[in-house]
Amino acid sequence: MTDAPQTSSFPPQAEAEFLPAEDYLERLNPEQREAVETLDGPLLVLAGAGTGKTRVLTTRFAHILLSRRAFPNQVLAVTFTNKAAREMRERVGHLLGRPAEGLWLGTFHALCARMLRRHAEYVGLTSSFTILDTDDQIRLLKQVMEVNRIDNKRWPPQGLMGVIQRWKDRGLSPDRVTPAEDSEFAGGKARLVYADYQARLKQLNACDFGDLMLHITDILRTRPDVLAQYHRSFRYILVDEYQDTNTVQYLWLRLLAQKDPAQYPGGANICCVGDDDQSIYSWRGAEVENILRFEKDFAGARIVRLESNYRSTAPILAAASALIAHNGGRLGKTLRPGRNDSSGEKLLVASVWDSDEEARTVGERMEQLHRDKHPLSEMAILVRAGFQTRAFEERLITLGLPYRVVGGLRFYERAEIRDAMAYMRVLNQPADDLAFERIVNVPRRGVGDAALQALHVEAREAQVPLAMATMRLIERGTLKGRLREQLTLLMAAFGRAREALSQNPGTGSHVLVVEALLDETGYADMWKRDKSPEAPGRLDNLKELTRALADFESLGGFLEHVSLVMENEENAGADRVNLMTLHGAKGLEFDTVFLPGWEEGVFPSQRTLDEGGNKGLEEERRLAYVGITRARKRAIISHAVNRRIYANWQSSIPSRFIDELPAEHVEQAGSAALAREQLRSAPPVFGGQFPLTARRPRTVEAWEEPPRAKRQTSIAVGTRVFHQKFGYGTVRAADDDRLEIEFEHAGMKKLLDTYVEPAGSSS
DNA sequence: GTAGGTACGCTTTTT
DNA sequence: GCGTACCTAC
């Protein structure tokens with residue numbers, strides 16, 4: 001269900017003439033129309049997968065504006081992802097017939113950051129506070145733990161960070177955490193550490209991600225004047241993916257939505273759109289209860305159900321509905337085919353011998369579809385966990401099918417990008433100690449533990465930021481030799497850059513300044529000198545970063561953008577197979593969806609079962625539901641009878657979710673279908689349960705294919721070769737018929753010699 | 001301060 | 001089985 005793609009510019013006359021799509025209401029079905037036109041009072045729109053949720057949200061938004069019930073800046077529209085926010089902005093603009101401007105439309109975090117900059121002083125920050133990334137958070141927490149003498153062997157900082165994060169998700173500032181909550185971590189000191197950590201953040205004039213929500217919610221609940229300001233401001237509130245809200249987001253929304261009825265007789269015009277069956281983020285603090293409780297929270301709430309699905313075939317919908325019906329405590333919806341058409345392929349459940357065969361058959365099916373003119377970009381492999389993509393990647397490489405892994409290491413998470421960002425942060429904000437600490441010894445300047453300690457001591461004693469402390473130690477002559485020399489150069493480079501920036505602000509000079517800074521500090525040079533195969537790519541990334549910087553008028557604006565929008569959109573257009581986790585696939589759709597690894601222990605994940613019990617199982621089932629409903633035309637589920645996990649093989653039984661699919665909509669296939677039947681009829685050999693933890697690794701020599709005959713490659717080390725996908729490269733090592741090749745653009749790869757050919761020769 | 005060795009741990013991750 | 005994160009010896 002996609003609208004015609006929006007063209008890059010509207011016809012020129014549209015600006016003058018005001019040409020909204022007049023029939024925008026006509027294009028909705030009755031239930032969608034009800035969701036759009038019910039404007040007064042609280043409304044919950046329960047939108048099943050593929051029922052036109054985004055269309056309803058954007059049309060409702062446009063309808064509010066076009067019916068002159070509110071000005072653009074009187075509507076608050078909240079999403080979880082930047083992508084969703086962008087899409088909503090574009091589609092609202094499309095409906096209005098002009099670009100939508102002056103909207104309060106964005107992610108929870110972006111909107112909270114915007115609000116918090118206005119009122120930062122109420123929580124002891126200034127409006128120019130910095131937003132920390134996860135590296136910074138951990139580094140800071142480690143420091144605080146050290147001060148509190150907590151053994152970070154026994155209590156990993158990441159674990160404690162998780163505890164703090166969950167508290168923040170629940171809207172608990174340190175003073176609100178009760179001692180009873182505490183006992184579990186760090187021997188009852190977690191609460192203390194949390195308080196210290198918050199205090200340090202305040203000193204640094206910094207916020208972590210959770211703080212954006214926590215601080216502004218605190219302000220709204222303690223400052224009636226500020227709250228009143230927003231009550232006057234916002235007439236309508238729209239919320240996307242409501243089932244994924246955590247407690248603090250819920251509190252924030254409720255504060256903004258619940259107005260004094262005496263002053264605002266209309267009550268709360270809040271409209272939340274969501275689907276309890278697609279709640280898959282409880283482990284991140286999301287509370288399904290928020291959506292289940294909506295009617296109680298907002299008096300007089302109406303509920304509209306969207307159940308007509310225009311995306312998938314009847315068998316896919318029937319299978320998904322039957323599966324999700326096994327969950328309890330649902331608000332209850334049934335997906336109906338929107339078209340009167342009961343045709344469509346059955347779901348395919350393929351039983352295969354082992355994980356290699358699984359990758360092979362998925363690859364073959366993809367090739368077949370591709371030969372039948374199905375675009376690669378309309379196929380996706382959706383896995384439970386990230387590590388599962390690897391087997392498929394390897395297969396796709398050997399088949400020469402281009403693919404894209406969605407949601408791997410993201411652009412702004414790469415080390416070189418974070419380093420460069422830290423340089424920019426120090427430039428922008430000399431008091432940013434965490435950024436300074438990150439780069440003071442990158443490239444190596446001889447700053448080791450001892451030197452860093454000295455800087456910290458000076459900073460603490462003189463009550464100045466680390467950068468200033470460095471200057472003082474240089475001037476005082478405490479620092480000596482190469483260290484002093486290097487740090488003098490570093491500080492001088494920052495000094496020059498800062499001066500250049502202040503001399504002609506806002507003329508695009510910031511790009512040049514940053515480039516000069518990265519040159520003069522030796523950072524760019526560090527990668528130029530680096531001989532590792534990744535280095536050229538990293539330099540490309542740095543170029544891409546400064547290119548992105550050019551889109552912004554100021555350094556500060558860019559930094560704000562990046563800290564909130566950690567994404568990049570590279571090669572989105574190319575025709576490639578999509579590989580991603582089930583979580584990453586939410587909100588997307590494909591003609592063909594492959595769902596491998598449907599085995600007990602893998603999916604549902606054993607760990608979720610152990611930790612979350614029945615609730616965990618139900619969330620896994622929702623994940624399965626999300627997976628199936630991504631498919632428009634066909635869904636191919638597979639499970640392997642034997643799977644290698646880490647070092648050893650183990651036999652697996654098919655996922656219980658396979659049993660929950662209605663037989664009349666499912667076709668069985670695969671080499672191990674028989675074995676599957678046997679597994680089903682015979683009770684498990686090793687006790688009733690299937691605990692991966694108490695697994696009994698099996699030796700499986702008999703099952704494995706005989707080892708491939710060793711064959712020596714005829715391609716010598718040093719030969720220039722060509723590969724279908726990776727292009728040209730040079731052989732660096734050879735082991736029997738396996739080659740290690742350094743590709744000019746793709747870096748180091750290990751491949752069988754049959755997949756490459758000597759460069760220059762034709763085949 | 002760096003290289004090399006070893007132990008560990010290993011779901012999901014919208015911002 | 002593999003990547004990383006920390007520790008130790010130079």
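First the proteins, then the strands, lettered A, B, ... as listed; each starts at 1.
Of all heavy-atom pairs spanning A/Gly106 and A/Leu111, the tightest one is O-CD1, 3.5 Å. Closest heavy-atom contact between A/Gly285 and A/Asn246: O-CB, 3.0 Å.
Between A/Asp133 and A/Arg418 there is a salt bridge, since a side-chain N of the basic residue sits under 4.0 Å from a carboxylate O of the acidic one. Under a 4.0 Å N-O distance rule, the pair A/Glu619/A/Lys615 does not qualify as a salt bridge. Between A/Arg644 and A/Asp356 there is no salt bridge, since no side-chain nitrogen of the basic residue lies less than 4.0 Å from a carboxylate oxygen of the acidic one.
When the P atom of B/dT14 is taken as reference, atom CZ of A/Phe80 falls 13 Å away, rounded to whole Å. Counting to the nearest Å, the C1' atom of B/dC10 and the CZ atom of A/Phe387 are 8 Å from each other. Whole-Å rounding puts the A/Tyr242 OH to B/dT14 C1' distance at 18 Å. The CZ-C1' distance, from A/Arg390 to B/dC10, rounds to 12 Å in whole Å. Following rounding to the nearest Å, A/Glu146 (CD) and C/dC6 (P) show an atom-to-atom distance of 12 Å. Atom P of nucleotide B/dC10 and atom CD of A/Glu611 are separated by 11 Å, given to the nearest angstrom. Rounded to whole angstrom, the span from the CD atom of A/Gln606 across to the C1' atom of B/dT12 amounts to 16 Å. To the nearest angstrom, P of B/dT14 lies 18 Å from CG of A/Leu111.
When distances run from any side-chain atom of A/Thr81 to the nucleotides B/dT13, C/dC6, B/dT14, the shortest one goes to B/dT14. Considering only the side chain of A/Asn82, B/dT15 comes nearest among C/dC6, B/dT15, C/dC2. Comparing atom distances between the A/Lys142 side chain and each of B/dT14, B/dT15, C/dC6 picks out C/dC6 as nearest.
Between the side chain of A/Arg484 and the backbone N or O of A/Thr478, no donor-acceptor pair lies under 3.5 Å.
Among the heavy atoms of the strands lying under 4.0 Å from A/Thr107 are primed sugar atoms or P, OP1, OP2 only; no base atom is included. Within 4.0 Å of A/Gln388, counting heavy atoms only, lies no atom of the nucleic acid at all. Note on A/Gly210: nothing from the nucleic acid sits closer than 4.0 angstrom, heavy atoms only. Across all strands, A/Phe108 comes closer than 4.0 Å to no nucleic acid atom at all (heavy-atom distances).
The ring of A/Trp252 has its center no closer than 6.0 angstrom to the ring center of A/Tyr250.
In this structure, the aromatic ring of A/Tyr281 is not positioned over the six-membered ring of the base of B/dT13 within 5.5 Å between centres and 30° between planes.
Taking the ring centre of A/Phe129 as origin, the terminal cationic atom of A/Arg117 falls inside the region bounded by 6.0 Å and 45° from the ring axis.
Rounded to a whole angstrom, the distance from the C1' atom of C/dG3 to that of B/dT14 is 26 Å.
Dashed line: the shortest gap from a side-chain N or O of A/Thr581 to OP1 or OP2 of B/dT13 is under 4.0 Å.
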>> One character per nucleotide, please: for nucleotides 1-9 of chain B, 5' to 3', B when the base has a protein heavy atom closer than 4.0 Å, S when only the sugar-phosphate does, - otherwise.
In response: SS-------
